[in-house]
Structures are given as structure tokens and as C-alpha cells.
Colleague: 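Take this structure, written in C-alpha cells, and hold onto it; I'll ask about it next.
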Amino acid sequence: MTSESLGIVVGRARPDEVTFESKRPVSIGEYVVLDYGDGGVLGLIERSSITSGALGDDIGNYEEAFESRQVAAENRRDKSYKGTVRILGYLDSLKKGRAMIPPVPAEPGTEVSEATAEDLSSIFSPSSHGWIKVGSLLRNPEVQVGVNINKVVSRHLAILAMTGMGKSNLVSLLTKEVSDIHGTMVVFDYHEDYTYLDIPNSNRMDARINPRFLATEEFAEVIEIQKNASNQLHVLRVAFTDEVKKRKDDDFWNALVDAAAEAGREKGYKEASEKVVDKIQDARRRFSKILDAGLADPLALIKNGKINIINLVELTERQANIVVSFYLQELLEDRKKGRSGGKVDPRFLAPVLAVIEEAHVFIPKGEETETKYYASKVAREGRKFGLGLVIVSQRPRSIDANILSQMGSLAVMRMIQQDDQAQVAAASEALSRDLIEQLTSLNSGEAILAGQWVNLPAFVRIEEVKGRKTGGDLDAVEQWQRLAQAKEMAKESSESYIPSGYSPD
């Protein structure tokens with residue numbers, strides 16, 4: 001397939017950027033080929049403008065604009081279609097996965113052509129091992145786009161966007177693709193977005209942890225003792241001893257209650273002791289499905305080669321934080337066993353990919369949390385031990401900047417807040433300021449993919465996952481109407497049993 005001539009380089013050119021005059025209006029996100037140097041050079045249009053000689057900024061009133069429009073319509077040279085191109089590298093090198101920028105800029109007069117679908121497919125949809133399909137190029141929909149899942153596991157991924165723009169859909173797509181290749185994922189489902197997702201190779205479970213494995217401060221969070229309740233924390237520290245932790249099942253709970261009650265004999269701690277006993281018993285009752293003192297291996301319920309969806313919907317924010325940090329810690333320790341060659345065999349013999357939804361809750365900026373500590377460790381050490389991390393959020397400005405900057409790949413969707421845009425720009429060198437400015441123009445399901453999981457930055461329409469039952473906006477009107485219809489039917493049914501001529505007193 002031959003490429004179609006589109007325009008000519010004009011003005012001052014740089015090795016990394018040129019401006020060209022086009023035959024037609026061009027779209028941001030289109031790919032072009034420049035014919036110079038040692039072969040074709042691929043570029044991405046990052047800015048586009050249309051100007052008119054007759055209809056300039058100096059038009060003073062409507063009548064003048066009306067007359068100038070007629071002049072412009074009759075003058076073939078009136079319109080100027082300009083595009084600013086970011087140079088991405090030699091086309092042949094990019095097809096081999098290497099980006100090599102020409103050392104000298106294109107000369108003015110260099111021809112600019114449309115990139116062919118064949119050239120783009122070889123770059124954005126490699127058939128080599130490790131690549132999975134996620135959608136198509138936004139400006140070239142016939143070109144499929146793949147991402148390198150190996151880079152996601154080894155270099156991590158951030159999925160960032162406003163609410164309703166398609167974050168959960170992209171996570172769902174990744175889970176389906178990883179499921180097809182029998183990979184292992186752990187998805188911390190904070191809002192039950194994935195519990196009912198139609199994935200054949202999945203393992204759904206409620207969060208379960210063994211309280212005996214928790215530190216005192218972590219257990220205090222789980223049973224909802226406030227951080228400023230110093231007397232209650234003292235009672236729990238006295239009661240939550242190694243001897244008590246060695247008890248199993250009911251013996252553990254009974255021993256803990258007895259020890260907390262005994263701590264109340266200490267002068268000044270009677271009231272605090274009673275409150276701690278109440279909190280222990282209340283937590284045991286309310287979270288019986290989550291707190292399992294008989295669970296020998298905390299990773300026992302997570303299955304190799306499956307998409308493990310851990311439901312956190314019934315937990316408070318503080319409790320969910322403890323659960324996520326607990327599993328991250330255990331997963332990292334297990335993966336380290338596999339590399340150390342120790343006597344204890346790891347449960348997971350192959351890499352694991354963990355997904356944290358609502359990342360701004362678990363790894364917030366300016367606040368220390370248990371999850372933040374272990375997520376930071378995974379971000380730093382995960383590459384060595386085969387534990388990948390995906391963080392998903394609609395509030396990038398509220399995520400710890402250090403962790404976000406260690407996400408080697410990005411999927412960024414519509415984003416309006418300038419604080420969010422600035423945080424994303426600071427986190428990735430792969431996204432230029434011009435690309436960041438385009439985030440406000442993206443529609444639902446459209447994203448800019450950048451970083452190590454793609455060969456080049458790309459505007460992509462993400463494939464919609466079929467069978468997703470949650471995650472979208474509720475249709476309140478439809479549900480109200482259904483409820484009203486049900487009430488009306490119930491009323492008619494009841495009235496049919498009332499004898500004719502009967503009237504209540």
C-alpha cells in the first residue's frame with residue numbers, strides 16, 4: 001500500500017519537531033511519514049490549526065465577516081492547514097521496537113505523507129510473544145493496537161481518568177486477555193465493579209485475613225479502634241500477645257476477650273477495657289466472613305493461573321486498607337521465596353499482577369497508610385520478583401507522586417482538572433504537554449496509551465468488554481418506573497380479592 005502525499009515541511013524545523021502545510025485539515029493523533037534521512041521517519045501530529053487570510057483576527061464586524069467569507073470561498077489559497085509533528089523515529093527501526101531519532105532536522109520542503117495502515121500495524125500491533133489486543137487507533141480505526149503485558153508486570157501501569165470514562169472497562173479487558181493466557185491476577189474490587197464480570201477463568205472471593213498474623217496497630221484498625229483512643233490501644237497491646245496469637249479459631253477469640261477484660265484491672269483502664277471487649281466481639285460477629293483465625297495460609301484462596309477478584313465492598317476504608325496491604329505484603333514475600341531458592345516453596349511459581357482500584361484511597365498523597373508502604377515496595381522491587389502493579393484512579397492529583405512516577409506505562413483518558421493533568425505530566429516523560437492538553441477532548445472509551453507497554457504513544461479507542469454487569473451509571477428513571485409498575489400490579493392484585501360491595505369502616 002502506497003502512502004498519500006499530505007503536505008510540505010515549512011518554517012523552522014528541529015530534530016524532534018517540524019511544522020508542515022497540509023492539503024487538508026489534519027487531526028491531532030494522526031501519524032505521518034517524512035521522506036528524509038536514511039529512510040522514512042514517522043511522526044505524530046500534536047498540534048493542528050486552520051487560518052484564513054480573508055477571515056483574520058482583524059475582522060471588525062459581522063458585515064465585514066460576511067463579505068470576507070465570500071472572498072475566502074472564491075480564493076483557493078485563502079485557507080492554511082498547518083500541523084505540528086513530533087518526530088518519533090525512523091520507520092524501519094520502530095517496526096523492530098527501537099526508537100531512533102534522526103540527528104538532523106527535516107529540511108523545509110520535505111514531503112509529508114499519510115502513514116499507511118500496514119506500517120502502523122507493524123508498530124502498534126506486533127504479532128510477537130507477550131502482546132495482547134486492546135483496541136484500535138482513534139484516527140486510523142483499521143489499525144489494531146496491542147500492549148505488551150510483560151512490560152505491565154515488570155514495569156507497572158497506571159490507568160487514570162475521570163469517572164465514567166472507561167477505566168473499569170480497560171481493567172476488565174486486561175483481565176479477560178490475561179485470563180485467556182492463564183495468567184495470575186489479583187484484583188482488589190473496592191466497588192464490586194468486577195465481581196459479576198463474565199470471565200471463565202476467574203476466582204471470586206470475599207477478603208479473608210487471619211487476625212493472628214496482624215500487627216497490633218493493624219488489628220486495631222480492623223476492629224475500628226480510633227488512632228487517638230490511646231487507652232483502648234494500650235488495652236489491645238496488653239491483650240494481643242504472642243501467647244494469644246498462638247491460639248486458633250474460637251480459642252483465639254475467647255483468649256483475646258479474656259485478656260482484654262483482664263487488662264481492665266489495671267488502674268484507669270476499666271472503661272477502655274470494656275470498650276475493647278465490645279469492639280472485639282462486634283468485629284467477630286460483623287466480619288466473620290473476613291476475619292478467619294483458622295486460616296493457616298493467607299494466600300490459600302488465591303489461585304494460580306486465574307483472575308482472583310477480592311471483594312472489598314463490605315469493608316470500611318480503614319479495613320480495606322489493611323486487607324490490601326496484607327495481601328500485597330504476602331504476595332511480595334511469596335514471590336521473593338521463588339527467587340531466593342529457600343527451603344520453603346512459593347505458592348506462586350509464575351509472576352502475579354495486582355490491581356488496586358481507587359488508588360487515591362489506598363496510596364494517598366501526604367498521608368501514610370499500610371497499603372502505601374507495601375505498594376511502594378512493590379513498585380520498587382516488583383520487577384525483580386515478578387509482582388506487577390496496576391493502579392486505577394479518577395483523582396491522580398491525590399495519588400502519591402513517588403509511586404505514580406514509578407508506573408512505567410500509562411493509560412490516560414478524559415481529564416479536565418489542571419491539577420490532575422499536571423500530576424500526570426510530571427509522572428511520565430512519554431506524554432508531552434501538547435498530548436496532555438488533548439485529554440479534555442477525549443470521549444468515553446478513548447485513551448492515550450504511553451510508556452513501555454506500547455512502542456509509541458497512541459490515541460486509542462479501547463474495545464468495549466461485553467458482559468460487564470456493573471461499573472456504569474445507574475438508570476434511576478427506569479428503576480423508579482419499574483418499582484411504580486410493580487406497586488401498581490400488587491395493588492390491582494390485592495383489590496381483586498376484595499368482595500364486591502365491601503367498604504371498610
Side-chain angles (χ1 to χ4, degrees), residues 1-37 39-60 62 64-91 94 101-102 104-120 123-124 136-143 414 431-443 446 448 456-461:
M1 182 184 296
T2 58
S3 58
E4 181 179 342
S5 177
L6 183 60
I8 298 171
V9 173
V10 297
R12 180 172 177 265
R14 302 191 325 222
D16 63 335
E17 183 181 281
V18 300
T19 299
F20 74 101
E21 192 72 41
S22 175
K23 295 178 179 179
R24 60 167 175 80
V26 292
S27 300
I28 294 173
E30 282 189 69
Y31 293 91
V32 296
V33 175
L34 288 76
D35 186 15
Y36 78 102
V41 174
L42 189 70
L44 172 66
I45 297 176
E46 293 193 337
R47 293 196 298 276
S48 175
S49 66
I50 302 176
T51 57
S52 166
L55 292 158
D57 293 334
D58 57 345
I59 295 292
Y62 174 78
E64 185 178 356
F66 183 83
E67 294 171 358
S68 297
R69 185 177 67 176
Q70 292 179 307
V71 173
E74 295 173 1
N75 183 2
R76 293 180 55 191
R77 298 185 178 183
D78 177 72
K79 298 291 190 304
S80 170
Y81 307 112
K82 277 190 169 64
T84 300
V85 178
R86 178 183 177 188
I87 301 300
L88 300 174
Y90 287 112
L91 188 58
L94 289 171
I101 305 295
V104 296
E107 291 187 1
T110 297
E111 185 174 11
V112 179
S113 303
E114 297 178 357
T116 66
E118 181 181 357
D119 286 337
L120 294 177
I123 295 171
F124 290 103
S136 58
L137 287 178
L138 189 59
R139 311 304 181 200
N140 303 79
E142 71 276 20
V143 177
R414 182 177 172 86
L431 289 176
S432 68
R433 184 177 64 181
D434 291 321
L435 290 182
I436 292 291
E437 290 177 352
Q438 298 308 310
L439 295 177
T440 59
S441 65
L442 296 177
N443 298 311
E446 299 172 355
I448 299 177
L456 290 174
F459 286 78
V460 179
R461 185 181 303 281

Colleague: Test of understanding: with salt bridge (charged side-chain N to carboxylate O under 4.0 Å, His left out), list the residues that count as partners of R461, not counting sequence neighbours.
Modeller: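 Here the qualifying residues are E446.
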Colleague: Could you check whether any side-chain heavy atom of L88 comes within less than 4.5 Å of a side-chain heavy atom of Y31, counting everything from C-beta outward?
Modeller: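 Side-chain contact under 4.5 Å: yes.
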Colleague: Can I448 and L442 be said to form a side-chain contact (heavy atoms from CB on, under 4.5 Å), step by step?
Modeller: CA-CA 9 Å; I448 299 177; L442 296 177; 4.2 Å; yes
Colleague: Return the CG to CZ distance between L34 and F20, rounded to the nearest 0.5 Å.
Modeller: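 Taking CG in L34 and CZ in F20, the distance rounds to 8.0 Å.
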Colleague: Please name the pair of heavy atoms, one in A13 and one in V18, separated by the smallest distance, quoted to 0.1 Å.
Modeller: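 Smallest heavy-atom distance, with atoms named: CB-CG1, 3.7 Å.
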Colleague: Is E17 paired with R47 through a side-chain N to carboxylate O contact shorter than 4.0 Å?
Modeller: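 Looking at E17 together with R47, the answer is yes, because their closest N to O distance falls below 4.0 Å.
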Colleague: Give a yes or no on whether the backbone of I87 and the side-chain of D16 come within a donor-acceptor separation of less than 3.5 Å.
Modeller: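 Between the backbone of I87 and the side chain of D16 there is no qualifying donor-acceptor contact (under 3.5 Å).
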Colleague: Quick check on side-chain contact (heavy atoms from CB on, under 4.5 Å): which of D434, I45, L435 does R86 satisfy it with?
Modeller: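 Running side-chain contact (heavy atoms from CB on, under 4.5 Å) over D434, I45, L435 with R86 returns exactly one hit, L435.
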Colleague: For V33 and D35, run side-chain contact (heavy atoms from CB on, under 4.5 Å): C-alpha distance rounded to whole Å, both residues' side-chain angles, the deciding distance at 0.1 Å, then the answer.
Modeller: CA-CA 7 Å; V33 175; D35 186 15; 5.9 Å; no
Colleague: With a sphere of 6.0 Å drawn around CG of N75, does it hold more than 12 non-hydrogen atoms of other residues, nucleotides or ligands?
Modeller: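 Buried by this count: over 12 neighbours within 6.0 Å.
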Colleague: Rounded to the nearest 0.5 Å, how far does CG of L94 lie from CD1 of I123?
Modeller: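 It comes to 5.0 Å.
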Colleague: Report the distance from atom CZ of R139 to atom CG of L44, rounding to the nearest 0.5 Å.
Modeller: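 So the CZ of R139 and the CG of L44 are separated by 10.0 Å.
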Colleague: Please give me the minimum heavy-atom distance between S48 and V26, naming the atom from each residue.
Modeller: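 That closest heavy-atom pairing would be OG-O, 2.7 Å.
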Colleague: Enumerate the residue pairs fulfilling salt bridge (Lys or Arg N to Asp or Glu O under 4.0 Å) with a member in residues 25-34, sequence neighbours excluded, ordered by first and then second residue.
Modeller: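 Matches after skipping sequence neighbours: R24-E30.
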Colleague: To check you understand the geometry: which heavy-atom pair defines the closest contact between S52 and A72, and what is its length?
Modeller: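 For S52 and A72, the tightest heavy-atom pair comes out as OG-CB, 4.2 Å.
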Colleague: What verdict does the side-chain contact (heavy atoms from CB on, under 4.5 Å) test give for E46 and T84, after you've listed the backbone C-alpha separation in whole Å, the side-chain angles of each residue and the deciding distance to 0.1 Å?
Modeller: CA-CA 6 Å; E46 293 193 337; T84 300; 5.8 Å; no
Colleague: Rounded to the nearest 0.5 Å, how far apart are CD of E114 and CG of L120?
Modeller: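 Spacing of CD (E114) from CG (L120) equals 10.5 Å.
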Colleague: Start with the C-alpha gap between K82 and T51, add the side-chain angles, then the distance that decides, and say whether side-chain contact (heavy atoms from CB on, under 4.5 Å) holds.
Modeller: CA-CA 8 Å; K82 277 190 169 64; T51 57; 5.7 Å; no
Colleague: What distance do L55 atom CG and K79 atom NZ have between them, rounded to the nearest 0.5 Å?
Modeller: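 Taking CG in L55 and NZ in K79, the distance rounds to 6.0 Å.
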Colleague: Would you say I8 has more than 12 foreign heavy atoms packed within less than 6.0 Å of its CD1?
Modeller: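 For I8, atom CD1 is not crowded (no more than 12 foreign heavy atoms under 6.0 Å).
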Colleague: Testing the basics here: between P102 and V41, what is the closest heavy-atom pair and its distance to 0.1 Å?
Modeller: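 Smallest interatomic distance, heavy atoms only, reads CG-CG2, 3.7 Å.
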Colleague: Given 3.5 Å as the limit, does a donor-acceptor pair link the side chain of E21 with the main chain of Y81, or not?
Modeller: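 It does hold such a pair.
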Colleague: If you look at every heavy atom in A458 and F124, which pair is closest and at what distance?
Modeller: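 Smallest interatomic distance, heavy atoms only, reads CB-CE2, 3.6 Å.
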Colleague: Measure across L42 and A115 and return the closest heavy-atom pair with its distance rounded to 0.1 Å.
Modeller: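 So the minimum-distance heavy-atom pair works out to CD1-CB, 4.0 Å.
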Colleague: Keeping the roles fixed (side chain from N140, backbone from E142), state whether a donor-acceptor pair exists under 3.5 Å.
Modeller: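 Checking the backbone N and O of E142 against the side chain of N140, no donor-acceptor pair under 3.5 Å is found.
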Colleague: For the CD1 atom of I28 and the CZ atom of F459, what is their distance to the nearest 0.5 Å?
Modeller: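 The CD1 atom of I28 sits 6.5 Å away from the CZ atom of F459.
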